[in-house]
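Because the structure is predicted, anything quoted here is derived from the model rather than measured. Chain A is the first sequence line, chain B the second, and so forth, proteins listed ahead of strands; every chain is numbered from 1. Heavy atoms only: backbone and side chains are in, while hydrogens, waters and symmetry mates are out.
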Amino acid sequence: MTVRTRFAPSPTGYLHVGGARTALFSWLYARKHGGTFILRIEDTDLERSSAESVDAILQGMTWLGLEYDEGPFYQTQRFPRYKEVIQDMLKAGQAYHCFCSKERLEQLRSEQMARKEKPRYDGKCRHGVANPPADVSPVVRFKNPLDGAVTVEDLIRGRVVFQSSELDDLIIARGDGTPTYNFTVVVDDMDMNITHVIRGDDHLNNTPRQMNMLKALGRTPPVYAHVPMILGADGARLSKRHGAVSVMQYRDDGFLPEALLNYLVRLGWSHGDQEIFSIDEMVKLFDVTQVHSSAAAFNPEKLLWLNQHYIKNSDPKHIAHHLSYHLGKFGIDPTSGPDLLEVIQVQRERAKTLVEMAQNSVFFYKDFEAYDTKDAASHLKPEAEKPLILLRERLTALSLWEAQAIHEAVAGVAEALGLKLGKIAQPVRVAIAGRAVSPPIDVTLALVGRDKTLKRLDAALEYIRNQTVVA
RNA sequence: GCUCCCAUCGUCUAGUGGCCUAGGACGCUGGCCUCUCACGCCGGUAACAGGGGUUCGAAUCCCCUUGGGAGCGCCA
């Protein structure tokens with residue numbers, strides 16, 4: 001039997017980290033077992049579903065690299081099929097029309113709550129309705145078995161038993177004939193021959209009902225694996241309005257997709273003490289049965305650390321691809337300055353995100369507007385004038401514009417004036433980068449280029465003289 | 001309220017009855033390195049929720065308590 005897994009989001013918002021993690025787990029499971037990964041869009045809630053959300057989800061999946069083998073399938077395009085199954089079930093006596101009004105159901109619910117009972121449908125219409133009111137279009141309910149128990153052999157939770165008496169006759173078709181979630185899931189998982197359902201554990205309580213429907217339809221239920229929710233930093237469940245940001249937001253914040261994936265796979269799962277997993281390693285080592293059954297809190301600092309790790313260790317060409325996007329946001333065309341790969345080489349150890357790296361690299365490509373106020377105040381002072389003038393001379397005289405020679409020139413000036421290297425490097429840094437932070441001064445100047453370096457040195461000297469006059 | 005799930009450092013986790021005076025990672029922190037910022041290196045901080053059992057022996061098994069989470073929709 002070939003493994004077939006699916007990710008089935010409802011398009012009522014973007015793809016957030018929780019969804020991304022269950023998608024990743026499903027994807028890994030399929031990849032590991034040489035199976036098929038299916039994407040299914042559960043858009044039966046016409047009110048809340050939107051095409052923009054579908055696009056956002058697809059975009060998120062693409063950015064993460066979770067490619068699907070089949071789909072996306074849309075439930076809204078399968079309505080005829082759902083209707084057909086509903087008719088079959090009605091005919092077989094496995095489902096029935098219910099004419100109970102919403103008001104009655106609401107009252108029933110509050111009465112049960114008042115009696116400290118679990119609210120559920122009382123089965124009023126289960127055995128037929130003598131005089132069906134002509135003015136109400138009935139819903140269709142599934143006839144749940146009255147006794148016995150349903151056992152879920154969950155890959156993560158182990159055995160979970162539900163008494164049938166806890167389950168009521170759920171609605172499978174609304175008054176307008178459209179099918180409801182628990183029913184479409186069953187039909188789709190059946191029709192798509194899903195073998196392993198890996199989903200959030202908020203669905204664990206739905207599972208026995210889905211299994212009962214599957215049984216009524218004469219099918220063996222798939223294997224289930226309910227993965228725990230992700231909690232926010234405060235321990236509360238991560239939700240769209242509570243810290244669960246879109247995966248695309250992580251792209252815009254300068255994260256690499258592999259960093260997010262690595263972070264997500266380690267949330268609730270581990271392989272000894274290993275922290276870093278390439279995609280191939282994940283596929284090889286990930287085992288859904290070893291996923292923790294307890295919820296895990298999302299820790300932004302660790303994600304940041306992983307991102308930094310991937311920035312430091314990935315192929316510069318790969319970084320360049322993602323960094324270009326962020327450079328573009330700063331209005332920079334990476335081909336208009338020093339070789340981007342060389343810039344990455346010198347910046348990769350000093351950035352936790354690509355946004356940070358882009359920000360710190362702007363000065364290589366564009367002249368800055370103004371010096372950092374504090375840095376200029378502490379480094380572009382009158383005493384810096386002499387060393388800068390001397391350095392300018394030596395740099396001008398350099399026959400070869402490369403880091404080694406530049407380093408010797410800077411060190412030479414320091415020595416000639418009896419200064420520590422920092423006394424000259426810092427003013428130069430502010431002059432060239434606009435602030436007191438940059439890669440080593442020699443490689444920085446080498447990359448900025450002689451013309452720009454000399455021009456910025458002149459600007460700095462002028463700045464110092466003006467300050468002096470004012471003072 | 002009822003049903004279901006869960007419980008090791010602040011966080012992610014190792015641990016599946018003796019290897020545990022509980023290991024790793026992030027964070028925080030002391031030091032080294034140093035032209036800035038970083039990187040790196042060395043060190044430190046900090047946990048088995050509580051109580052009962054079972055056992056020669058329990059973080060590991062059982063029960064209770066407490067604490068978290070989910071579900072109980074003509075939402076998905």
### Message
Take a 6.0 Å sphere around NZ of A/K374 and say whether it holds more than 12 heavy atoms from other residues, nucleotides or ligands.
### Response
no

For residues 260-268 of chain A, tabulate all N or O donor-acceptor pairs below 3.5 Å that involve a side-chain atom, not counting sequence neighbours.
from: A/N262; atom 1: OD1; to: A/F277; atom 2: N; distance (Å): 2.9
from: A/N262; atom 1: OD1; to: A/Y310; atom 2: OH; distance (Å): 2.5
from: A/N262; atom 1: ND2; to: A/E275; atom 2: O; distance (Å): 2.9
from: A/Y263; atom 1: OH; to: A/N299; atom 2: N; distance (Å): 2.6
from: A/R266; atom 1: NE; to: A/Q274; atom 2: O; distance (Å): 3.3
from: A/R266; atom 1: NE; to: A/E275; atom 2: OE1; distance (Å): 3.3
from: A/R266; atom 1: NH1; to: A/W269; atom 2: O; distance (Å): 2.9
from: A/R266; atom 1: NH2; to: A/E275; atom 2: OE1; distance (Å): 3.4
from: A/R266; atom 1: NH2; to: A/E275; atom 2: OE2; distance (Å): 3.2

### For A/T76, all residues meeting side chain to side chain donor-acceptor pair (under 3.5 Å), sequence neighbours excluded
A/D43

Considering only nitrogen or oxygen atoms on both sides, find all protein atoms under 3.5 Å from nucleotides 5-8 of chain B and state each distance.
from: B/C5; atom 1: O2'; to: A/R157; atom 2: NH1; distance (Å): 2.1

### Message
Taking only side-chain N and O atoms of A/S270, does any of them lie within less than 4.0 angstrom of OP1 or OP2 on B/A14?
### Response
yes

### Message
Quick check: any donor-acceptor pair below 3.5 Å linking the side-chain of A/R350 to the base of B/C37?
### Response
yes

### Task
Just call it for A/P9: base, sugar-phosphate, or nothing, with non-hydrogen atoms closer than 4.0 Å on any strand.
nothing

### Message
Could you work out, with ring pair (Phe, Tyr, Trp, His ring centres under 6.0 Å) as the rule, every residue matching A/F7, not counting sequence neighbours?
### Response
none

### Query
With sequence neighbours excluded, what pairs up with A/L304 under the side chain to side chain contact (heavy atoms under 4.5 Å, CB included) test?
A/F255, A/K352, A/T353

### Query
Of all residues at least two apart in sequence or in a different chain, which pass the ring pair (Phe, Tyr, Trp, His ring centres under 6.0 Å) check with A/F330?
none

#### Entry: By side chain to side chain contact (heavy atoms under 4.5 Å, CB included) - contacts of A/S26 (at least two apart)
A/T5, A/F37, A/I198

### Message
Using a heavy-atom cut-off of 4.0 Å across all strands, would you classify A/R109 as base, sugar-phosphate, or nothing?
### Response
sugar-phosphate

### Query
Listed by chain and number, what are the side chain to side chain contact (heavy atoms under 4.5 Å, CB included) partners of A/H292, not counting sequence neighbours?
A/S294

## Note on the structure
Given protein heavy atoms under 4.0 Å, the one-letter contact record of nucleotides 19-34 of chain B, with B base, S sugar-phosphate only and - none, is simply ----BBBSS-------

### Task
Could you check which residues of residues 415-422 of chain A get a heavy atom under 4.0 Å from RNA chain B? Sort them by number, please.
A/L421, A/G422

### Residue list, ring pair (Phe, Tyr, Trp, His ring centres under 6.0 Å) with A/H326, at least two apart or on another chain
none

### Message
Among residues at least two apart in sequence or on other chains, which ones pass side chain to side chain contact (heavy atoms under 4.5 Å, CB included) with A/A416?
### Response
A/L390, A/R394

